[in-house]
Every structure is written in structure tokens, then in C-alpha cells.
Amino acid sequence: MALLPVTEALERLLEDAAPSQAESITLMDAADRVLAEPLMALRTQPPFNASAMDGYAARAVDVASVPARLSVIGMAPAGRGFAGTVGPAQAVRIFTGAPLPAGADTIVIQENVRDLGGSSIEVTASTVEGRNIRRLGLDFSNGEVLLEKGRLLDPAALSLAASANHPRVSVVKRPLVAIIATGDELLPPGSDLGPDQIISSNAYGVAAAARSVGARALDLGIAPDRKEAIAALVKKAVGAGADVIVTLGGASVGDHDLVHDVLTGEGMTLDFWKIAMRPGKPLMFGRLGDIRCVGLPGNPVASLVCTQLFLKPLLARLGGRAYRQDMREARLGAAMPANDLRQDYVRAVVKEEAGVLEATPFGIQDSSMLRMLADANGLIVREPFAPPAATGAACSVLMLR
């Protein structure tokens, strides 16, 4: 199978990927979820003409000229309006959020009033009609669409939904990604290692990346290099209702790379295998019914680079989220040699110098070196067959954080 360009691989991986079914959840549990349908107001806000300040409700004609003496005929605290009517030379003590009494058309703020005693006040600054009043429906009206389908429920959106009287919202179900590591040499962190064993690290980064775009991650552990062991975990992933099965390692061309055979034996239709990129060439993608299967390379850096480029966009789309890679223009902080037929993703440190981004590649780019990836905050993207580039030359950088 020929090497597939990165852009074509991504297009094929995202083809017909759409948000999964909706679910209704409480508003308190809806933070950072995605609306599955438009949210409409179930009430009008404010539901009445309301005072925007503490002060006195009066008639503008009575306070157009100052000083003006008024008689206080009652009180209107928030949550309990004044039942009477404000007449000539009268006022009602009112507090923020309380309904505007009948007959009143302005609010005199308390700072502009002097208490004369005996239910009399003197207004010391004139106030025009409509001042300090929040009109009925100023924010929104009953039946109005407040939030569109696909909106991420951030703090402001959640507060708006609550204000519109929604105790629950319909959101896109978060996609479930089941993660299966493979390899006889792998043991979980905290293990006592034998002379030929290493720690299984990839699942932790993949799970974190999945959660960063709103997906759920199910770590199914490590399968040894036996077809029946891998098949058992694949069946467990299917039984758990996984939307995506991610395998780590075992999808290359070695004698012990069994993932492809197991997945096809379980019914997977292979879409592509091997990408024209570095690191990450042995990336596999196929479909097992409605489940998408992504075979990530075993090398830690290749696994995480492929997660950034392919898995995160896929999971974001399945979860109804917009996702865009953070690509920026920069200049090289060090010269780079010519590239070959694969698109290269070079770990680099990106800094701003005099308002310009400068990306300096690490001298060693071995795909097993996780520390370098942790130290990098960007990947310099070099197109296939790119010529040598001198220090200061323009480059494209995929920002990692």
C-alpha cells in the first residue's frame, strides 16, 4: 500500500464523521458540553420593567427641576413589588431588581436624595424619563433562540440557559475512545521491570488528548503479542460501546505486529495504512461497523504526533466540536537540511523575538524521545522534498501549547 499524504489521510479519516446521539443532562453537569439543538428562552427577561438601581421610583415630570420635594408612599424591595400607584409629587423607595410601580417612569438614585424625615425626601439632581430602568424583555423574550446548536456551554452560556428557565439541556453525547496497548515488552508504570521490558506510556498521553476535546477515554490495558489477547480487548471495547478503538503499537509490518490481522478478523474494513509523514508512518485507519479503528504507532512521539494530527480532530467532530490546529508562521532559529518524500513534524522550541516567532529545532529527532516532546512547544512542519533552509528562513509551526 502506497504512502498516503497527510491531508488525504485526514480527509478520509474525517469523512462522514458526525456528532453522535444527544442526551439530556442537568444544567449543573453541562459545563464544557456541546448543545445538540438550539436553546430557546422559556421566559422573558426581565419579566417586567425593573429598577436598575437602589433609589426612588418617581414621575420624571416631578423631578425635572430641582430641588424637588416628594412624599414617600411605600417600598418596593426585590421580589415584592409595590401594589399602589405613584401620583404627583410622590415616590416609592425601590431596590435593584424590583418591579417599577404603576405611575412611575424614572428612578432617582439614592445618592441624589436627601431624607427630610416624616416620609419626605428632597431630590437634589434632576432625572429624565426612563433613567435607571431595565425595560421588559431587555435581555431576551419568551421563544427567542438564545444559543445555537453546536454552542459550547461555557460559564456565560450556562448562566444564560439557567436565566431562560432551563433546568436541563440536550447535549451531544461525548464520544468514547477505547485504548488498547499491545506488546510483550510493556508493563504499566510502577512495575518492576525485567531486563527486556519497558514502561507503557502512550495510553496516558492519548487519553489526556482525548479528554482535552471532550471525549471519554477507556483504558483497556496492555495486550500481550497474542491474537487471542488482542481480540479479547477489542471485543471488550465493542461491548463498552466505543465510538473509536485506538490501538497502540502492533500495526506495522513486523512478525509480531498483529493488530491489523486481529481487527480484520473481527470484521474491520481497512481504509488506509501508512502515511507519508515523519514521525508516524505506520498509522492505520479502518471501520468496524460504526466503530472507527485507529492504529497508532508504538513509538511514543509518533503516537502523540498522530494523536494531535488525526485523533483529536476526529474525536472533536464526533463530539460536535469545532477544532482547528494552531498553525503559525515563524522563522527558523537554526538551519535545516533538505527533506525527503515524507512530511516532517520536527520538535522545536518556539519563542517570540521582537514581535516575530522563532522556531528552533532540536538537534536529535528520534521518535522514542518523549522528554524532547515535553520540552517542545511546537512542531516545525516541512513539506515533502523541501529544500535546505537557512537560519532565519520562513517556516510553518504547529503550536502544541
Side-chain angles (χ1 to χ4, degrees), residues 3-15 17 174-175 177-179 181 200-217 219 243-249 251 272-285 292-319 321-330 339 342-350 357 359 361-362 365-384 395-401:
L3 296 182
L4 194 66
V6 171
T7 53
E8 185 178 342
L10 183 60
E11 288 174 1
R12 285 163 64 168
L13 184 124
L14 296 180
E15 185 180 357
R174 295 164 59 202
V177 54
I179 304 170
S200 178
S201 60
N202 296 5
Y204 300 93
V206 172
R211 294 186 181 110
S212 75
V213 291
R216 296 170 292 151
D219 180 15
D243 300 286
V244 179
I245 296 175
V246 170
T247 59
L248 305 173
F272 62 78
W273 186 8
K274 300 178 185 177
I275 310 297
M277 62 179 289
R278 181 192 301 107
K281 174 184 172 183
L283 178 75
M284 182 185 68
F285 174 64
R292 288 167 167 79
C293 301
V294 179
L296 294 175
N299 281 333
V301 175
S303 179
L304 291 178
V305 169
C306 287
T307 294
Q308 177 72 34
L309 293 175
F310 299 102
L311 185 61
K312 286 175 68 174
L314 173 62
L315 293 174
R317 184 167 294 189
L318 292 176
R321 295 169 183 260
Y323 185 81
R324 179 179 296 177
Q325 303 286 5
D326 185 6
M327 296 294 303
R328 304 188 194 181
E329 294 303 311
N339 196 18
R342 289 193 279 171
Q343 189 153 302
D344 220 350
Y345 293 86
V346 181
R347 284 157 282 174
V349 173
V350 184
L357 290 181
F362 288 99
Q365 293 288 323
D366 189 282
S367 60
S368 69
M369 298 174 66
L370 271 175
R371 181 176 178 178
M372 187 190 304
L373 182 61
D375 289 342
N377 63 340
L379 299 172
I380 299 171
V381 182
R382 303 207 73 212
E383 297 298 325
C395 66
S396 294
V397 178
L398 170 57
M399 299 300 297
L400 299 177
R401 59 179 185 276

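If you're wondering where the values come from, they're calculated on a predicted model, not measured in any experiment.
A donor-acceptor pair under 3.5 Å links the side-chain atoms of N202 to the main chain of G298, judged by distance alone. A donor-acceptor pair is defined here as one N or O able to donate and one able to accept, closer than 3.5 Å; such a pair exists between the side chain of T307 and the backbone of S303. Side-chain N or O atoms of R342 include one that pairs as donor or acceptor with a backbone N or O of M277 at under 3.5 Å.
Rounding to the nearest 0.5 angstrom, the gap separating the CZ atom in F285 from the CG atom in L4 is 11.5 Å. Atom-to-atom distance recorded for E329:CD and C395:SG is 7.5 Å, nearest 0.5 angstrom. The distance from the CE atom of M369 to the CG atom of N299 is 12.0 Å, given to the nearest 0.5 Å.
The two residues A9 and I275 come nearest to each other via the heavy atoms CB-CD1, 3.5 Å. For the pair L315 and P175, the tightest heavy-atom approach, listed with the atom from each and the gap, is O-CG, 3.6 Å. Counting all heavy atoms, side chain and backbone alike, R317 lies closest to A17 at CD-O, 3.1 Å. The minimum heavy-atom distance between V301 and P279, with the atom names listed, is CG1-CG, 4.1 Å. Residues L370 and P300 share a closest heavy-atom pair of CG-CB, 3.5 Å. Closest approach of F362 to A376, counting heavy atoms only: CE1-CB, 3.9 Å.
For the pair P297/C306, a side-chain contact is recorded, criterion being any heavy-atom separation below 4.5 Å from C-beta on. Side-chain contact between L3 and K281 is present, with at least one heavy-atom pair separated by less than 4.5 Å. The shortest distance between side-chain heavy atoms of V397 and V381 does not fall below 4.5 Å. Side-chain contact between W273 and L283: absent, with no pair of heavy atoms (C-beta onward) separated by less than 4.5 Å.
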So V350 and M399, side-chain contact (heavy atoms from CB on, under 4.5 Å) or not? Walk me through it.
CA-CA 8 Å; V350 184; M399 299 300 297; 4.1 Å; yes
Apply side-chain contact (heavy atoms from CB on, under 4.5 Å) to V177 and D243, showing your working.
CA-CA 6 Å; V177 54; D243 300 286; over 6 Å; no
Chi angles and distances behind the side-chain contact (heavy atoms from CB on, under 4.5 Å) call for I245, V294
CA-CA 6 Å; I245 296 175; V294 179; over 6 Å; no
Starting from the C-alpha separation in whole Å, work towards a yes-or-no answer on side-chain contact (heavy atoms from CB on, under 4.5 Å) for C293 and M284.
CA-CA 8 Å; C293 301; M284 182 185 68; 5.5 Å; no
Mind listing the side-chain donor-acceptor pairs of residues 207-216 below 3.5 Å, one per line with the distance, residues two or more places apart or on another chain?
from	atom 1	to	atom 2	distance (Å)
S212	OG	A209	O	2.6
R216	NE	R174	O	3.0
R216	NH2	R174	O	2.9

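Residues passing the side-chain hydrogen bond (donor to acceptor under 3.5 Å, both in side chains) test with R12, sequence neighbours excluded: E8, D271. Considering only residues two or more places apart in sequence or on other chains, A181 meets the side chain to side chain contact (heavy atoms under 4.5 Å, CB included) condition with L186, S200, I222, L248. Applying the side chain to side chain contact (heavy atoms under 4.5 Å, CB included) rule to P313 yields the partners L10, L14, Y323, Q325; only residues at least two apart in sequence or on another chain are considered. For D344, the salt bridge (charged side-chain N to carboxylate O under 4.0 Å, His left out) partners are R278, not counting sequence neighbours. Scanning for side-chain hydrogen bond (donor to acceptor under 3.5 Å, both in side chains) contacts around R347 gives Q365, with sequence neighbours left out. Contacts of L400 classified as side chain to side chain contact (heavy atoms under 4.5 Å, CB included), with partners at least two apart in sequence or in another chain: Q308, L373, L379. For F310, there are no ring-ring contact (aromatic ring centres under 6.0 Å, His included) partners two or more places apart in sequence or in a different chain. For Q343, the side-chain hydrogen bond (donor to acceptor under 3.5 Å, both in side chains) partners two or more places apart in sequence, or in a different chain, are Y345. Legend: residues meeting side-chain hydrogen bond (donor to acceptor under 3.5 Å, both in side chains) with S368, ordered by chain and number and at least two apart, are D366.
The residue from L318, L311, L13 that alone fulfils the side chain to side chain contact (heavy atoms under 4.5 Å, CB included) condition with R292 is L318.
Identified under the side chain to side chain donor-acceptor pair (under 3.5 Å) test for residues 372-381, with sequence neighbours left out: none.
Enclosure of atom CZ in R401 by more than 12 non-hydrogen atoms of other residues, nucleotides or ligands within 6.0 angstrom is indicated.
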